[in-house]
*Asks:* 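Take this structure first; my questions come after.
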Amino acid sequence: MANKMTSKIELNVELDENRVPEKLHWTAQDGGITNEEAKAMMLAVWDSKNQEALRIDLWTKDMPVDEMKVFFHQTLVAMSDTFHRATQDDKMSATMKDFCDYFAEKLELKK
């Protein structure tokens, strides 16, 4: 019988009195990350039973809007890469990349 391995990813959110995130920290020891600070995070999980994506989107109140725009752009690019790896759908992946370029252009992210 094969040995089963587990890996743990930990997220810690420090909230203010109104339950607004002030600090985000994450740990992924298998990846060499220990209590690293972040300003924003997006987590999506697939609920197969209900056939729906469940999400947690958090950002700290001091996350600058210009950084949030870059964060969204990079997340969209990463999602298009993941979509291609998962589906091998070249046409839709290229369409998603085109949108990412459009998104960056409209937000004036690319120089």
Side-chain angles (χ1 to χ4, degrees):
M1 184 180 275
N3 289 336
K4 291 185 180 182
M5 297 180 64
T6 61
S7 183
K8 182 177 179 180
I9 299 170
E10 184 176 315
L11 304 167
N12 291 297
V13 183
E14 183 179 314
L15 305 171
D16 70 8
E17 63 278 355
N18 296 312
R19 302 189 54 83
V20 175
E22 288 192 316
K23 296 205 182 284
L24 299 171
H25 289 89
W26 67 292
T27 297
Q29 299 221 338
D30 287 355
I33 306 296
T34 304
N35 204 35
E36 287 289 323
E37 187 170 359
K39 293 287 183 190
M41 63 161 273
M42 295 181 194
L43 173 68
V45 295
W46 180 245
D47 179 344
S48 185
K49 179 181 174 186
N50 293 310
Q51 294 289 293
E52 65 181 339
L54 305 174
R55 296 185 5 248
I56 299 172
D57 303 321
L58 296 174
W59 57 94
T60 60
K61 55 184 166 184
D62 65 341
M63 172 76 169
V65 172
D66 60 331
E67 288 183 24
M68 182 62 88
K69 291 176 181 180
V70 173
F71 176 55
F72 261 83
H73 177 255
Q74 290 179 6
T75 300
L76 291 170
V77 170
M79 288 175 65
S80 68
D81 291 340
T82 301
F83 180 82
H84 186 261
R85 281 195 316 278
T87 66
Q88 299 302 307
D89 186 330
D90 295 329
K91 186 175 179 181
M92 186 52 69
S93 297
T95 300
M96 293 172 73
K97 289 283 190 189
D98 288 344
F99 174 75
C100 291
D101 290 342
Y102 174 79
F103 186 90
E105 178 186 321
K106 290 300 178 186
L107 290 178
E108 300 177 348
L109 298 179
K110 292 192 175 186
K111 297 177 179 118

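Computed from a predicted structure; not experimentally measured. Throughout, residue positions are numbered sequentially from 1 according to the sequence presented.
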*Asks:* Would you say L58 and L24 make side-chain contact, with heavy atoms under 4.5 Å?
*Replies:*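 Yes, their side chains come closer than 4.5 Å.
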
*Asks:* Do M42 and I56 touch side chain to side chain, with heavy atoms closer than 4.5 Å?
*Replies:*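 No. Closest side-chain heavy atoms not under 4.5 Å.
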
*Asks:* Find the distance between CG (L76) and NZ (K97) and round it off to the nearest 0.5 Å.
*Replies:*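 Rounded to the nearest 0.5 Å, the CG-NZ separation comes to 10.5 Å.
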
*Asks:* Quick one: are W26 and N12 in side-chain contact, heavy atoms under 4.5 Å?
*Replies:*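 The answer is no; the side chains never approach within 4.5 Å.
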
*Asks:* Looking at H73, Q74, M79, which hits side chain to side chain contact (heavy atoms under 4.5 Å, CB included) with V77?
*Replies:*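 Going through H73, Q74, M79 one by one, the side chain to side chain contact (heavy atoms under 4.5 Å, CB included) with V77 is satisfied by H73 alone.
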
*Asks:* Which heavy atom of W46 sits nearest a heavy atom of Q51, and at what distance?
*Replies:*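 That would be CH2-C, 3.2 Å.
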
*Asks:* With sequence neighbours excluded, tell me which residues meet side chain to side chain contact (heavy atoms under 4.5 Å, CB included) with T34.
*Replies:*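 Result, side chain to side chain contact (heavy atoms under 4.5 Å, CB included) vs T34: Q29.
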
*Asks:* Please report the shortest heavy-atom distance between V13 and P21, naming the atom on each side.
*Replies:*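 So the two residues come closest at CG1-CB, 4.0 Å.
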
*Asks:* Under the side chain to side chain contact (heavy atoms under 4.5 Å, CB included) criterion, do M41 and L11 qualify, and how do the steps go?
*Replies:* CA-CA 10 Å; M41 63 161 273; L11 304 167; 3.7 Å; yes

*Asks:* Give the intermediate values and the outcome of side chain to side chain contact (heavy atoms under 4.5 Å, CB included) for residues E37 and K23.
*Replies:* CA-CA 7 Å; E37 187 170 359; K23 296 205 182 284; 4.0 Å; yes

*Asks:* Between L109 and V70, is there a side-chain heavy-atom distance shorter than 4.5 Å?
*Replies:*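 Yes, at least one pair of side-chain atoms sits under 4.5 Å.
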
*Asks:* Look only at the side chain of N50 and the backbone of E52, and say whether a donor-acceptor pair between them is shorter than 3.5 Å.
*Replies:*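 Checking the backbone N and O of E52 against the side chain of N50, no donor-acceptor pair under 3.5 Å is found.
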
*Asks:* Stepwise, does the side chain to side chain contact (heavy atoms under 4.5 Å, CB included) test hold for F71 with M63?
*Replies:* CA-CA 10 Å; F71 176 55; M63 172 76 169; 4.2 Å; yes

*Asks:* Check whether any side-chain heavy atom of T60 lies under 4.5 Å from a side-chain heavy atom of E22, and answer yes or no.
*Replies:*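 T60 does not reach E22 side chain to side chain.
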
*Asks:* Is M92 atom CE crowded by more than 12 heavy atoms from other residues, nucleotides or ligands, each under 6.0 Å away?
*Replies:*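 No - once you tally the heavy atoms of other residues, nucleotides and ligands closer than 6.0 Å, there are 12 at most.
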
*Asks:* If every non-hydrogen atom of C100 is compared with every non-hydrogen atom of S80, which pair is closest and at what distance?
*Replies:*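 In this case the closest contact between C100 and S80 is SG-OG, 4.4 Å.
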
*Asks:* Taking atom CZ of F83 as the centre, report whether more than 12 heavy atoms of other residues, nucleotides or ligands fall under 6.0 Å from it.
*Replies:*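 Above 12, so yes.
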
*Asks:* Closest approach of D57 and W59, non-hydrogen atoms and distance?
*Replies:*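 Distance-wise, the nearest heavy atoms are O-CZ3, 4.1 Å.
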
*Asks:* Is atom CD1 of I9 surrounded by more than 12 heavy atoms (other residues, nucleotides or ligands) closer than 6.0 Å?
*Replies:*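 It does not: I9 CD1 has 12 such atoms or fewer within range.
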
*Asks:* Looking only at side chains, do H84 and D89 share a donor and an acceptor under 3.5 Å apart?
*Replies:*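 No, because no side-chain N or O of H84 sits under 3.5 Å from a partner of the opposite role on D89.
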
*Asks:* With heavy-atom distances below 4.5 Å as the criterion, would you say the side chains of I33 and T27 are in contact?
*Replies:*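 Contact flag for I33/T27 side chains = no.
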
*Asks:* Rounded to the nearest 0.5 Å, what's the gap from CE on M96 to CZ on F99? Could you check?
*Replies:*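 That separation rounds to 9.5 Å.
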
*Asks:* Assess whether a salt bridge exists between E67 and K39, defined as any Lys/Arg side-chain N lying under 4.0 Å from an Asp/Glu carboxylate O.
*Replies:*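 Salt bridge absent between E67 and K39.
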
*Asks:* Measure the shortest side-chain to side-chain distance between N35 and E10 over non-hydrogen atoms and say whether it is less than 4.5 angstrom.
*Replies:*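 Side-chain contact under 4.5 Å: no.
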
*Asks:* Quick one: CG on D66 to CG on L107, what's the gap to the nearest 0.5 Å?
*Replies:*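 Spacing of CG (D66) from CG (L107) equals 11.0 Å.
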
*Asks:* Quick one: does N18's side chain have a donor or acceptor within less than 3.5 Å of a partner on V20's backbone?
*Replies:*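 Such a contact is absent between N18 side chain and V20 backbone.
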
*Asks:* Do S7 and D30 pair up side chain to side chain, a donor and an acceptor below 3.5 Å, judged on atom types alone?
*Replies:*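 Judged by distance alone, the side chains do pair up.
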
